[in-house]
Amino acid sequence: MTSEIESSQARTQKLEGLGTRRKRVEDIRFTQGKGNYVDDLKFPGMLFGGFVRSPYGHARVKSINKEAAIKLPGVKAVLTAEDLKPLKLHWMPTLAGDVQAVLADEKVLFQGQEVAFVVAEDRYIAADAVDLIEVDYEELPALVDPTRSMAGDAPVLRDDLKDKTSGAHGPRKHHNHVFTWEVGDAAGTARALAQAAVVAKEQIVYQRVHPCPLETCGCVASMNKVDGHLTLWGTFQAPHAVRTVASLISGIPEHKIRIISPDIGGGFGNKVGVYPGYICAIVASIVLGVPVKWVEDRMENLQATAFARDYHMTGEIAASPDGRITGLRCHVLADHGAFDACADPTKYPAGFFSICTGSYDIPVAHVTVDGVYTNKAPGGVAYRCSFRVTEASYFIERMIDVLARKLAIDPAEIRRRNLIRKEQFPYRSALGWEYDSGDYVTALDKSLAAVDYASLRDEQRRNREAFARGETRRLMGIGVSFFTEIVGAGPIKNCDILGLGMFDSCEIRVHPTGSAIARLGTVSQGQGHATTFAQILASEIGIPAENITIEEGDTDTAPYGLGTYGSRSTPVAGAATAMAGRKIRAKAQMIAAYLLEVHDDDLEWDVDRFRVKGVPEMQKTMTELAFAAYNNVPPGMEPGLEAVSYYDPPNMTYPFGAYVCVVDIDIDTGVTEIRRFYALDDCGTRINPMIIEGQVHGGLTEALAIAMGQEMDYDEYGNLKNASLLDFFLPTAVETPSWETDYTTTPSPHHPIGAKGVGESPNVGGVSAFSNAVNDAFAHLGLTHTAMPHDHWRVWKTAQSLGLAAG
Ligand code: CDP
């Protein structure tokens, strides 16, 4: 029996299934420089596209002269809105129910907007031709401050919407208004605020930032004029949705469109939407009959593709004197830029912002969001977060600290008093979400013990005393954050994009020799799906992960799925993978019963084989069963061993975590050192702990970027002042501290393997931990809230405003 147990352990190990620190299979090609990205694609006769872009934030296009460009040798075509008009392709629908100009139609509305598209023999000729195109603009007053958007005298930005009193998300109350979205109990919250012993109020701005993936956006469009098939390779996070949208826009039947996402160098939400470059490349390929490549450069990516955040939040939080929260109200002014191109599920124009009651048992809450247009790039994507969840988390985590300060209660203690208790799950929040599972107090306590929080506060007290005596010019800040994410969009009843329900899928084929291929509707952009989805299957069907190929991103082969963003891959496609695996196992069990001449109920699963209960030596391995599936199945059963699952999750998953950040600030320079960052994450069942740690490291680095330096900085004319990586903060190993990671495991009760998403959690929890730490450093000096980003200069300005640093 001992040897039997050992052999079962050895077999389990060989599978490299759930919970294994399996090395990433993708890295073999990435570390050898053998990745296959869009810009690596080369085809005979391929042409290259480039854009003329607006230098103005807001201007009328009086004329476009393309004569000189067309005469340049090597230039094949120049497209403007006039050329696209007969095809009705000069405007395109956005994911948010708005429309966006493909090429500027009489007006430009943001700096960097696409005005004309040049197609040439190579990228260099295209760039020269772009310079030869003369556009005559009449500059108009620009609107960059969303708080001015709905002023009576604000310039009309969208001429096409000027007289429309309603939009995709209900009534519009001003010519620059996009929508109002409201959730919660307005009257009850007003009562709670009026009756409260204490109300803390604060303006919290989450600045505009950019996902800035290392690989920019791009595509190659190839129209085969003989058979009418269009193939589009591109940096798409959701290739099937792109196929459906491309078919609807172009009129090309969907079966004649093939979308392929090859390797993608980071997406972070930036590669979810449809950009004018895709449309122009397709039109150019249709017109010219050859493949056309368009790949944007870094400045184009920063200037014109989807931004994130730009949420201007006013919060009021009510509490009893001992810090029990009794109500929460929030109004958001959301800057959507020139076109509403937010990538949110249709019914949620402000995403899942209503998760803003966070991890706390708040009895009543009310949220309103006003979306407005400005002369900035469109977007509003879920940059490493699930649809406005980072904004929500930042909001509540700052509000809790502001309240703690007002009540003179320790920030960790006020959190503990209000955290939802383990026995309250499944927990229905005041704003309507049903949190699936959690053990928050354990997570908080574990994190505070791990960093020895009491000693840190002691040290801070001594530091403050020394500072007051003039013995040091450094201040210490401790930031605590506790977050709850909402990932895995989503149940079809709630979530769709352009009417497409947000299920996901997996199709598995087990080959006769016992290896397999699984295809999914998701797309990895660095998350390691080829590694981890094979692990799920290894545990489900008993085939070693190394014998399972995972394939994603080709709409001709993969089952329909809604793609990868919002940490939805594991909650939705991961569940589909487990369910398809179970179908395979169920069929294998029937075959095993037939071969062993027993009833299938008499069999039990043992890692990679079925055994007859009580007679363990009577067994059939998965390898034997795979072969039998192709030559010896029970009478009446179809041969083969394949399964497909389309999974509509019953609920979203709610990962959570507790983070602690310690900073040391030199008040004379503003230099802020991250002394320590501890991150405890709970993502339910852990598929691959090594990949999870990698995801947490990456997400925390992006949180550092956002909290400590990133901001899309527009001047009053709509000029983006930091459209290159010289000025836009992208941290390198030099700026990045060492991360301490930890975990608890609270499985999701409704996910087949109990897994929740994790990829975005560190960004959701990390930003507020950094910001709370910087704010905490100055809290004893009367500072209630200072806004992000906390770059050294701004931190020094804060010290100066408090009379600490010399001017
Ligand atoms: O949708 P996306 O892939 O961006 O996010 P995710 O579902 O959170 O998964 C990110 C990576 O972490 C994938 O390779 C997952 O399989 C892995 N993961 C894991 O190993 N265990 C979990 N409980 C959640 C994710």
Side-chain angles (χ1 to χ4, degrees), residues 16-27 211 213 237-238 261 264 266-272 343 381-387 389 436-437 485-490 502 504 506 518 520-540 545 548 550 552-553 561-578 647 649 652-657 681-699 702 741 743-748 751-765:
E16 290 192 294
L18 288 183
T20 314
R21 299 179 77 85
R22 180 176 190 228
K23 286 200 176 145
R24 287 167 38 107
V25 293
E26 297 90 339
D27 289 347
Q237 291 183 236
S261 297
I264 297 183
F268 313 116
N270 186 240
K271 294 170 179 170
V272 172
V381 292
Y383 166 14
R384 207 162 185 150
C385 107
S386 179
F387 312 117
V389 175
D436 58 350
S437 63
E485 260 244 87
I486 167 171
V487 300
M502 293 180 77
D504 229 292
C506 174
L520 290 89
T522 43
V523 181
S524 192
Q525 307 123 40
Q527 296 94 325
H529 292 176
T531 307
T532 51
F533 287 127
Q535 291 182 250
I536 297 177
L537 273 183
S539 289
E540 291 292 340
I548 302 170
I550 299 292
E552 299 176 308
L562 268 286
T564 293
Y565 39 86
S567 285
R568 66 185 298 280
S569 301
T570 303
V572 194
T577 304
Y647 188 78
M652 280 179 261
T653 66
Y654 296 75
F656 59 93
D681 275 278
D682 192 320
C683 57
T685 304
R686 290 152 56 86
I687 301 163
N688 183 328
M690 182 198 70
I691 286 202
I692 291 173
E693 284 158 23
Q695 292 286 303
V696 173
H697 286 191
E702 285 183 306
T741 57
Y743 67 99
T744 53
T745 303
T746 314
S748 165
H751 187 281
I753 61 165
K756 305 180 178 185
V758 75
E760 294 162 346
S761 297
N763 199 296
V764 171

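Read the numbers this way: they start at 1 and go in the same order the structure lists the ligands and their atoms.
Looking at ligand 1, you'll find an N or O of Q527 within less than 3.5 Å of one of its N or O atoms. Looking at ligand 1, you'll find an N or O of C683 within less than 3.5 Å of one of its N or O atoms. Between P571 and ligand 1, no pair of N/O atoms sits closer than 3.5 Å. At under 3.5 Å, not a single nitrogen or oxygen of Q695, backbone or side chain, sits near a nitrogen or oxygen of ligand 1. Considering backbone and side-chain atoms together, F533 places no N or O closer than 3.5 Å to any N or O of ligand 1. Close N/O approach between G684 and ligand 1 is not found [any backbone or side-chain N/O within under 3.5 Å]. Ligand 1 has an N or O atom lying under 3.5 Å from an N or O atom of N688, backbone or side chain. Looking at ligand 1, you won't find any N or O of E760 less than 3.5 Å from one of its N or O atoms. Between T685 and ligand 1, an N or O atom pair is found at a separation short of 3.5 Å.
Rounded to the nearest 0.5 Å, atoms CZ (R24) and NE2 (H529) are 10.0 Å apart.
If you run side-chain contact (heavy atoms from CB on, under 4.5 Å) between R568 and each of T653, L562, V487, only L562 comes through.
Summarising the geometry of P655 relative to S761, their closest heavy-atom pair is CB-OG, 3.9 Å, with the distance given to 0.1 Å. The two residues F387 and A489 have their closest heavy-atom pair at CE1-CB, 3.9 Å. Listed here is the closest heavy atom pair of E760 and Y565: OE2-C, 4.1 Å. Counting all heavy atoms, side chain and backbone alike, R22 lies closest to T531 at NH1-O, 3.0 Å. In this structure, T570 and H751 approach most closely via the heavy-atom pair O-NE2, 3.0 Å. The nearest pair of heavy atoms linking P211 to G267 is CB-O, 4.2 Å.
Against a heavy-atom cut-off of under 4.0 Å, G757 is close to the following atoms of ligand 1: 8 (O). Close contacts of ligand 1 with R568, meaning ligand atoms under 4.0 Å from a residue heavy atom, involve 1 (O).
No side-chain donor from either of S567 and S386 sits under 3.5 Å from a side-chain acceptor of the other. A donor-acceptor contact closer than 3.5 angstrom is absent between the side chains of T532 and N688. Side-chain atoms of S437 and K756 form a donor-acceptor pair, as typed in the model, at a separation below 3.5 Å.
The closest protein non-hydrogen atom to atom 16 (O) of ligand 1 is T532 OG1, 2.7 Å. Among all non-hydrogen protein atoms, the one lying nearest atom 3 (O) of ligand 1 is H529 NE2, 2.7 Å. The protein non-hydrogen atom at the shortest distance from atom 21 (N) of ligand 1 is I687 N, 3.1 Å. Ranking protein heavy atoms by distance to atom 2 (P) of ligand 1, first place goes to S569 OG, 3.5 Å. Among all non-hydrogen protein atoms, the one lying nearest atom 17 (C) of ligand 1 is I691 CG2, 4.0 Å. The nearest protein atom to atom 24 (C) of ligand 1, hydrogens excluded, is given as K756 O, 3.1 Å; this is a heavy-atom distance. Taking atom 5 (O) of ligand 1 as the reference point, the nearest protein heavy-atom neighbour is S567 CA, 3.5 Å.
The shortest side-chain heavy-atom distance between Y647 and P752 falls under the 4.5 Å cut-off. A heavy-atom distance below 4.5 Å is not found between the side chains of Y743 and I692.
Residue-level proximity to ligand 1 for T570 is carried by backbone and side chain together, each with a heavy atom below 4.0 angstrom. Contacts between Q525 and ligand 1, counted as non-hydrogen atom pairs separated by less than 4.0 Å, are absent for every part of the residue. Only the side chain of T564 comes within 4.0 Å of ligand 1, judged by heavy-atom distances. Under 4.0 angstrom from ligand 1, there are no non-hydrogen atoms of V487. Under 4.0 Å from ligand 1, heavy atoms of V758 appear from its side chain as well as its backbone.
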Item to check | Derivation and outcome, side-chain hydrogen bond (donor to acceptor under 3.5 Å, both in side chains), residues S261 and E552 | outcome: CA-CA 8 Å; S261 297; E552 299 176 308; over 6 Å; no

